[in-house]
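Here is the structure we will look at, set down as structure tokens.
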Amino acid sequence: MKWVYIEDIAQYDGQDVEIRGWVYNKRSSGKVRFLLVRDGTGLVQATAFSAEKDSPLFQKFDRLTQESSLVVRGRVREDKRAPGGYEMTIADLDIVQVAADYPITLKEHSTPFLMEHRHLWLRSSKQHAVLCVRAEVVKAIRDFFDGRGFRLMDTPILTPSACEGTTTLFETAYFDQKAYLSQSGQLYNEATAMAFGKVYCFGPTFRAEKSKTRRHLIEFWMVEPEVAFATLADIIELGEDLVLFIMERVLTKRKHDLEILERDTRPLEAVKKPFPRLTYDQAVPLLREKGSTIEWGNDFGSPEETLISEVYNSPVCVTHFPTAIKAFYMQPAPENPDVVLGVDFLASEGYGEVIGGGQRIHDLALLERRIEEHKLPREAYEWYLDLRKYGSVPHSGFGMGVERMVSWLCGIKHIRETIPFPRLLYRIYP
RNA sequence: UCCCCGGUAGCUCAAUUGGCAGAGCGGUUGGCUGUUAACCAAUAGGUUGCAGGUUCGAGUCCUGCCCGGGGAGCCA
């Protein structure tokens, strides 16, 4: 008998097939038995009928517990009463293993309990849906950049020095030296961009920040494109196109998962190019008008991001932040060196910053001065300064946080559910 | 690091002013020919996070600690 996956079951209407999976739930009603089977691709109801209640099939059925593994064989038929619209009439079943008391029931559980059982929680339908969306987002990101002639240039995870500060780095032994886990591939991206023109890196990044909010992970995935000769305006457009590309892909290919998540997709469908642009100078009075106490020169906090996303029914691009609060490599605006050519993309519906980036300093003398002002060890940046000695050009790039994007698309409030095994401030298990 | 909240059965939660520690789910047993987190009946299940204190009496009040959740700062 043919082994098929549940996601393909509609193609086998009227045929005998075999499904290999796990018990999601079961119900019995005298001489009828209902089994909800999942196989990783979907859920299907399998039904067993028998005139005698002690039939061998029923005896096997009654031994099954939640999450027991099994092989069921039977005929597929359309049935409106079944969840999913198709049902299998069980001819025979083999038990692979009878599961011990499964801790996660179909009833409510607290977050600490579910996080403790994350390795099992992944089997639940909503977690399954979120992670399918994540996989689709990752695929969309790669398709987007590969389709536009970007070269994937992976940057190292073990690095000899900080990209920005030094307080948020994980330190590790590197034989007789110290190494740090990467918190951004950007500096290396600038080198590969000068070699390949358009590049991106995509991988995990690590920040030892004692952040304990629904928007932060200690280990998260970031995609970072870098484009030689691109200006701030070019990179903003690239970011818009990327966001729209991912959104369209997920809305078409993961529609079913968004339904499972009960995501109202109308706000996502309404997102259009161009996103509203707002300079920092314009944002500050707007925020104060809405009740924020922000002063010119302060960075946005999460309340400020939420306020802005409430004003616009769209993602918003905020640009030209004060030089003092941004990274050392940010290019000052030509008309006003107190602000930089940087951009933050704030997602709609209060999902916060999903993209941050901008134009990098390409002038050697200015970059040297900034490294000094930020009290960074010059010797660690010699290679980086070389990029400004040998054919320096204006260039720009950004970083997009995968988990924040997934959380926005899925309408999931907490970022920890958007990665299979989240690393959090007080949780590294499982 | 700081602020707020919580910890009672396997799970989710109750417990009046400090006065017999309970319910639903899950488990087990039985019943039911179309269930949708099925339903009905019965049943087992407790070091109330840990240590100390107040009291005739503490799940409840006090002190310290541990663990977790939400937020700030910082950021994607």
Side-chain angles (χ1 to χ4, degrees), chain A residues 24-36 43-53 58 62 65-67 79-85 87 89 99-117 124-126 163-165 167-169 183-186 202 204-224 239 298-306 321 325-327 343-347 351-357 398-408 413-416 418-419 424-427 429:
Chain A
Y24 196 75
N25 195 14
K26 66 171 195 177
R27 291 179 277 272
S28 72
S29 174
K31 291 165 187 133
V32 194
R33 299 282 195 275
F34 300 98
L35 198 61
L36 222 49
L43 268 179
V44 72
Q45 176 163 279
T47 312
F49 302 92
S50 176
E52 333 136 40
K53 59 180 189 174
F58 274 19
D62 292 343
T65 55
Q66 196 187 350
E67 287 303 318
D79 194 319
K80 294 223 159 41
R81 293 170 295 186
E87 187 171 272
T89 304
D101 288 347
Y102 188 66
I104 301 178
T105 69
L106 297 172
K107 302 280 177 177
E108 277 181 67
H109 295 286
S110 63
T111 307
F113 178 79
L114 291 168
M115 288 305 303
E116 203 65 37
H117 297 86
S124 301
S125 61
K126 284 197 179 182
C163 178
E164 289 160 39
T167 53
T168 63
L169 287 164
Q183 50 177 209
S184 166
Q186 190 209 306
F202 194 1
T205 57
F206 308 87
R207 300 205 180 163
E209 287 162 5
K210 296 217 164 179
S211 298
K212 206 176 159 218
T213 80
R214 69 183 61 177
R215 296 177 310 283
H216 289 88
L217 291 171
I218 301 301
E219 176 180 326
F220 66 97
W221 282 64
M222 188 156 68
V223 60
E224 295 173 276
N298 294 352
D299 206 352
F300 288 6
S302 150
E304 282 74 31
E305 291 181 359
T306 307
F321 287 90
I325 57 171
K326 287 291 175 182
V343 59
D344 280 1
F345 281 56
L346 306 180
Y351 285 93
E353 185 181 342
V354 287
I355 286 179
F398 62 75
M400 188 186 78
V402 169
E403 290 77 13
R404 288 199 182 166
M405 190 70 196
V406 173
S407 120
W408 178 24
K413 292 283 177 260
H414 205 302
I415 197 166
R416 68 184 155 212
T418 64
I419 185 166
L424 299 160
L425 182 52
Y426 294 124
R427 191 179 287 284
Y429 178 91

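These figures come from a predicted structure and were not determined experimentally.
A donor-acceptor pair is defined here as one N or O able to donate and one able to accept, closer than 3.5 Å; such a pair exists between the side chain of Arg404(A) and the backbone of Glu353(A). For the pair Glu403(A) (side chain) and Trp221(A) (backbone), a donor-acceptor distance under 3.5 Å is present. Remark: the backbone N or O of Ser184(A) is not paired with any side-chain donor or acceptor of Thr205(A) at under 3.5 angstrom. With Gln66(A) contributing its side chain and Ile104(A) its backbone, the two residues share a donor-acceptor pair below 3.5 Å. Within the 3.5 Å criterion, the main-chain N or O of Lys107(A) finds a donor-acceptor partner in the side chain of Thr105(A).
Nearest to the side-chain atoms of Arg416(A) among the listed nucleotides rG69(B), rG34(B), rA37(B) stands rG69(B). Here the nucleotide nearest the side chain of Glu209(A), chosen from rG69(B), rC75(B), rU35(B), is rC75(B). Distances were taken from every side-chain heavy atom of Pro112(A) (C-beta onward) to each of rA76(B), rG73(B), rG68(B); the shortest belongs to rG68(B). Of the listed nucleotides (rU35(B), rA76(B), rG26(B)), rU35(B) has the atom at the smallest distance from the side chain of Gln45(A). Nearest nucleotide to the side chain of Ser302(A), out of rA72(B), rU33(B), rA76(B): rA72(B). Closest to the His216(A) side chain, of the nucleotides rA37(B), rG27(B), rA76(B), is rA76(B). Distances were taken from every side-chain heavy atom of Ser28(A) (C-beta onward) to each of rC32(B), rU12(B), rG69(B); the shortest belongs to rC32(B). Across rU35(B), rG34(B), rC75(B), the shortest atom-to-atom separation from the side chain of Arg27(A) is found for rU35(B). Comparing rU35(B), rG68(B), rG27(B) against the side chain of Arg427(A) picks out rG68(B) as the nearest.
The side chain of Arg33(A) contributes no N or O atom lying less than 4.0 Å from OP1 or OP2 of rU33(B). Remark: Lys107(A) is not in phosphate contact with rG26(B), judged by side-chain N or O atoms under 4.0 Å from OP1 or OP2. Put simply, His414(A) has a side-chain N or O that comes within less than 4.0 Å of OP1 or OP2 on rG70(B). Under 4.0 angstrom from either OP1 or OP2 of rG71(B) there lies at least one side-chain N or O belonging to Arg214(A). The shortest distance between the side-chain N/O atoms of Arg215(A) and the OP1/OP2 oxygens of rA72(B) is below 4.0 Å. Remark: Ser211(A) is not in phosphate contact with rG73(B), judged by side-chain N or O atoms under 4.0 Å from OP1 or OP2. Between rU12(B) and Ser110(A), a contact under 4.0 Å exists linking OP1 or OP2 to a side-chain N or O.
Within 4.0 Å (heavy atoms only), Gly301(A) reaches sugar-phosphate atoms of the nucleic acid but no base atom. Nucleic acid contact for Phe220(A): base, since at least one base atom lies under 4.0 Å from a heavy atom of the residue. Residue contacts shown for Phe49(A) include a base, since a base heavy atom lies under 4.0 Å away. Using a 4.0 Å heavy-atom criterion, one finds that Met222(A) contacts the sugar-phosphate atoms exclusively. Base contact: Glu305(A) has a heavy atom under 4.0 Å from a base atom.
rG26(B) and rU17(B) have their P atoms separated by 33 Å, given to the nearest Å. Annotation: rA58(B) and rC20(B) have their P atoms spaced 12 Å apart (nearest Å). For the C1' atoms, the distance from rC75(B) to rU16(B) is 48 Å, rounded to whole Å. Going from the P atom of rC50(B) to that of rA9(B) covers 11 Å, rounded to whole Å. Between the C1' atoms of rC11(B) and rG53(B), the separation comes to 33 Å (whole Å). Comparing the same atom, P, in rA44(B) and in rU1(B) gives a spacing of 48 Å after rounding to whole Å. Nucleotides rG10(B) and rG46(B) place their P atoms 7 Å apart, quoted to the nearest Å. The C1' atoms of rA14(B) and rC25(B) are separated by 14 Å, rounded to the nearest whole Å.
rG73(B) atom C1' lies 15 Å from atom CZ of Arg207(A), rounded to whole Å. What separates CG of Leu114(A) from P of rC11(B) is a distance of 11 Å, to the nearest Å. If you measure from atom CZ of Phe300(A) to atom C1' of rC75(B), you get 14 Å, rounded to the nearest angstrom. In this structure, the CG atom of Leu425(A) is 13 Å from the C1' atom of rG73(B), given to the nearest Å. A straight line from CD1 of Ile104(A) to C1' of rG10(B) spans 12 Å, rounded to a whole angstrom. Taking atom CD1 on Ile415(A) and atom P on rG71(B), their separation rounds to 12 Å, with Å as the unit. Whole-Å rounding puts the Leu424(A) CG to rC74(B) P distance at 21 Å. Distance CG (Leu35(A)) to P (rG34(B)): 18 Å, rounded to an integer number of Å.
Between Asp79(A) and Glu116(A), it is Asp79(A) whose nearest contact on RNA chain B lies nearer the 5' terminus.
Base pairing of rU35(B): no nucleotide in any strand meets the Watson-Crick or G-U wobble criterion (both distances under 3.5 Å). With a 3.5 Å ceiling on both atom-pair distances, the Watson-Crick or G-U wobble partner of rA72(B) is rU1(B). Remark: rG6(B) base-pairs with rC67(B). Criterion, Watson-Crick or G-U wobble with two distances under 3.5 Å. Across all strands shown, rG53(B) is found opposite rC61(B) as a Watson-Crick or G-U wobble partner, with both distances under 3.5 Å.
Applying the 3.5 Å distance criterion, the base of rG34(B) shares a donor-acceptor pair with the side chain of Glu87(A). For Lys212(A) and rG69(B), a side-chain-to-base donor-acceptor distance below 3.5 Å is present, hydrogens and geometry of angles not being considered. At a cut-off of 3.5 angstrom, counting only N and O atoms as typed in the model, there is no donor on one side facing an acceptor on the other between the side-chain of His109(A) and the base of rC11(B).
Considering every non-hydrogen atom in both Ser302(A) and Arg215(A), the closest pair reads CB-NH2, 3.3 Å.
Ring geometry for His109(A) against Phe113(A) counts as parallel: the plane angle stays under 30°, on a 0 to 90° scale with 60° as the upper cut.
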Could you walk me through whether Thr65(A) and Tyr102(A) pass side-chain contact (heavy atoms from CB on, under 4.5 Å), step by step?
CA-CA 8 Å; Thr65(A) 55; Tyr102(A) 188 66; over 6 Å; no
Asp344(A) vs Phe300(A), side-chain contact (heavy atoms from CB on, under 4.5 Å): CA-CA, chis, key distance, verdict:
CA-CA 10 Å; Asp344(A) 280 1; Phe300(A) 288 6; 5.9 Å; no
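Under the stacking definition used here (centres under 5.5 Å, planes under 30°), the residue Phe34(A) fails to qualify as stacked on the base of rG34(B).
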